[in-house]
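Computed over heavy atoms, backbone and side chain alike; hydrogens, waters and symmetry mates excluded.
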Amino acid sequence: SLLTSAVAGPSLDVTPWNSTTDRLLLYTLGKTGSTTLELAFGCLTGRPRLPFVRNDDQYLALETPPRGFKTHVASVAQRMVEMVRPQDTNLWMIIPVRDTLARAKSDFFQNLDSGYVGPAARNWSLAQIMSRYKTLEPRIVGRSIIDTLQQVLGERVDWLPRFDPSSHDLWAVRGTLRLLIVRAEDSTHWPSIVERRMGVKIRLPSAANSGGDKWYGELYQAFKSGYVSEVETVRSALKSTDMRLLYTEDETNRFAASALLLR
């Protein structure tokens, strides 16, 4: 089982997670390893996994908002913040991110037969899929979760510190808010980061919601091996807020080389 225990270590700079009073919001654009965290964090709230709230209607239909949940939607995250803030309750907002060029491809395939194309996608050729992605890629890679935080938190976020490569996270405490941004590329460090910041032990299950296990698994591998992004799209992706603030130039250069098949 994914058991946790409180760890009041000397490196903890806030009161540890309190499963009786605190709230947990796992907020992400998706395809960032968040399903793994959804499973790992469930036990903090007495569940096998965090509930996944997909839209405002689903949130509003909840009789009692859960102690913790995951969402991809800024307006849902905003509702959680607006509910918790006046209660003087600690809100732990955990935000996993990922190289936007790789995340976009994964997100496209995850939603290929629903949002991006529809059921017909299951009969499309690799060439047709590449062509559709070429038109959508600039919009998908431009998305940045940091750009949504002003809406979610209801205030400017110019107080955010820089990402700390030595601790593999961006950590900010502001009143009752504990904001933790982690990168999918550092997922092996996630348990130690969570223990250091939240004072609890988590165990990560093996990779969950992986594209290789889906109906499109083989197609996805062929796509990744053959698709080449436009130089202008890559340049635009590297200018996105998440990429600028959370990755080094060396790292983003590697992401760009991979997207341009220069590896």
Side-chain angles (χ1 to χ4, degrees), residues 22-38 41-42 45 49-62 64-87 89-108 110-111 114-116 136-163 169-184 209 236-247:
D22 293 0
R23 300 275 183 169
L24 175 66
L25 176 60
L26 180 59
Y27 177 46
T28 174
L29 295 179
K31 307 312 295 180
T32 57
S34 64
T35 302
T36 298
L37 289 175
E38 180 186 326
F41 280 135
T45 64
R49 67 193 298 165
L50 294 179
F52 180 23
V53 180
R54 297 174 185 275
N55 53 50
D56 288 280
D57 288 344
Q58 188 182 345
Y59 180 88
L60 294 169
L62 296 167
T64 308
R67 183 151 300 287
F69 64 80
K70 173 175 117 172
T71 191
H72 297 330
V73 181
S75 55
V76 173
Q78 180 183 355
R79 289 178 189 277
M80 173 70 137
V81 171
E82 289 173 349
M83 179 193 74
V84 173
R85 276 262 168 105
Q87 298 176 358
T89 298
N90 292 333
L91 173 61
W92 302 79
M93 186 182 295
I94 317 295
I95 302 178
V97 299
R98 180 183 177 189
D99 157 26
T100 189
L101 289 155
R103 193 203 74 82
K105 293 185 181 77
S106 187
D107 180 66
F108 174 70
Q110 166 95 4
N111 299 289
S114 54
Y116 288 122
L136 295 173
E137 187 182 25
R139 178 171 62 84
I140 306 175
V141 300
R143 295 187 66 199
S144 168
I145 201 154
I146 290 178
D147 289 342
T148 71
L149 290 182
Q150 181 167 332
Q151 173 194 340
V152 170
L153 298 176
E155 62 173 298
R156 291 179 53 148
V157 292
D158 46 11
W159 44 266
L160 275 180
R162 293 196 68 81
F163 184 86
D169 65 1
L170 183 156
W171 170 244
V173 178
R174 189 166 173 83
T176 54
L177 175 69
R178 286 93 175 87
L179 180 71
L180 177 62
I181 301 181
V182 293
R183 310 185 309 181
N209 200 24
S236 167
L238 300 195
K239 290 178 182 173
S240 72
T241 307
D242 289 357
M243 295 284 263
R244 285 189 298 103
L245 297 185
L246 303 174
Y247 294 92

Show your working on side chain to side chain donor-acceptor pair (under 3.5 Å) between K70 and S34 and close with a plain yes or no. CA-CA 8 Å; K70 173 175 117 172; S34 64; 3.1 Å; yes
Could you grab the distance from atom [atom1] of [X] to atom [atom2] of [Y], nearest 0.5 Å is fine?
{"X": "T28", "Y": "R98", "atom1": "OG1", "atom2": "CZ", "value": "10.0 Å"}
{"X": "F69", "Y": "E38", "atom1": "CZ", "atom2": "CD", "value": "12.0 Å"}
{"X": "L177", "Y": "M93", "atom1": "CG", "atom2": "CE", "value": "5.5 Å"}
{"X": "D99", "Y": "S240", "atom1": "CG", "atom2": "OG", "value": "9.0 Å"}
{"X": "T35", "Y": "L26", "atom1": "OG1", "atom2": "CG", "value": "9.0 Å"}
{"X": "I94", "Y": "Y27", "atom1": "CD1", "atom2": "OH", "value": "14.5 Å"}

Side-chain touch [X]/[Y], heavy atoms, less than 4.5 angstrom:
{"X": "Y59", "Y": "L62", "answer": "yes"}
{"X": "V97", "Y": "V182", "answer": "no"}
{"X": "F163", "Y": "R183", "answer": "yes"}
{"X": "R244", "Y": "S144", "answer": "no"}
{"X": "T176", "Y": "L91", "answer": "no"}

Quick check: does any side chain N or O of R103 sit under 3.5 Å from a backbone N or O of L29, one acting as donor and the other as acceptor?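 At least one qualifying donor-acceptor pair exists.
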So which pairs with a foot in residues 141-159 pass salt bridge (Lys or Arg N to Asp or Glu O under 4.0 Å), sequence neighbours left out?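 Of all non-adjacent pairs touching residues 141-159, those that pass salt bridge (Lys or Arg N to Asp or Glu O under 4.0 Å) are R85-E155, E155-R174, R156-D158.
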Where is the tightest heavy-atom contact between P66 and M80, given as atom of each residue plus distance?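 Where P66 meets M80 most closely, the heavy atoms are O-CE, 4.2 Å.
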Using the rule given for side chain to side chain donor-acceptor pair (under 3.5 Å), can you reason through D107 versus Y116, listing the C-alpha separation, both sets of side-chain angles and the distance that settles it, and then say yes or no? CA-CA 10 Å; D107 180 66; Y116 288 122; 2.6 Å; yes
Can you label the angle between the F52 ring and the H72 ring as parallel, tilted or perpendicular, going by 30° and 60°?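 Aromatic pair F52/H72 classed perpendicular.
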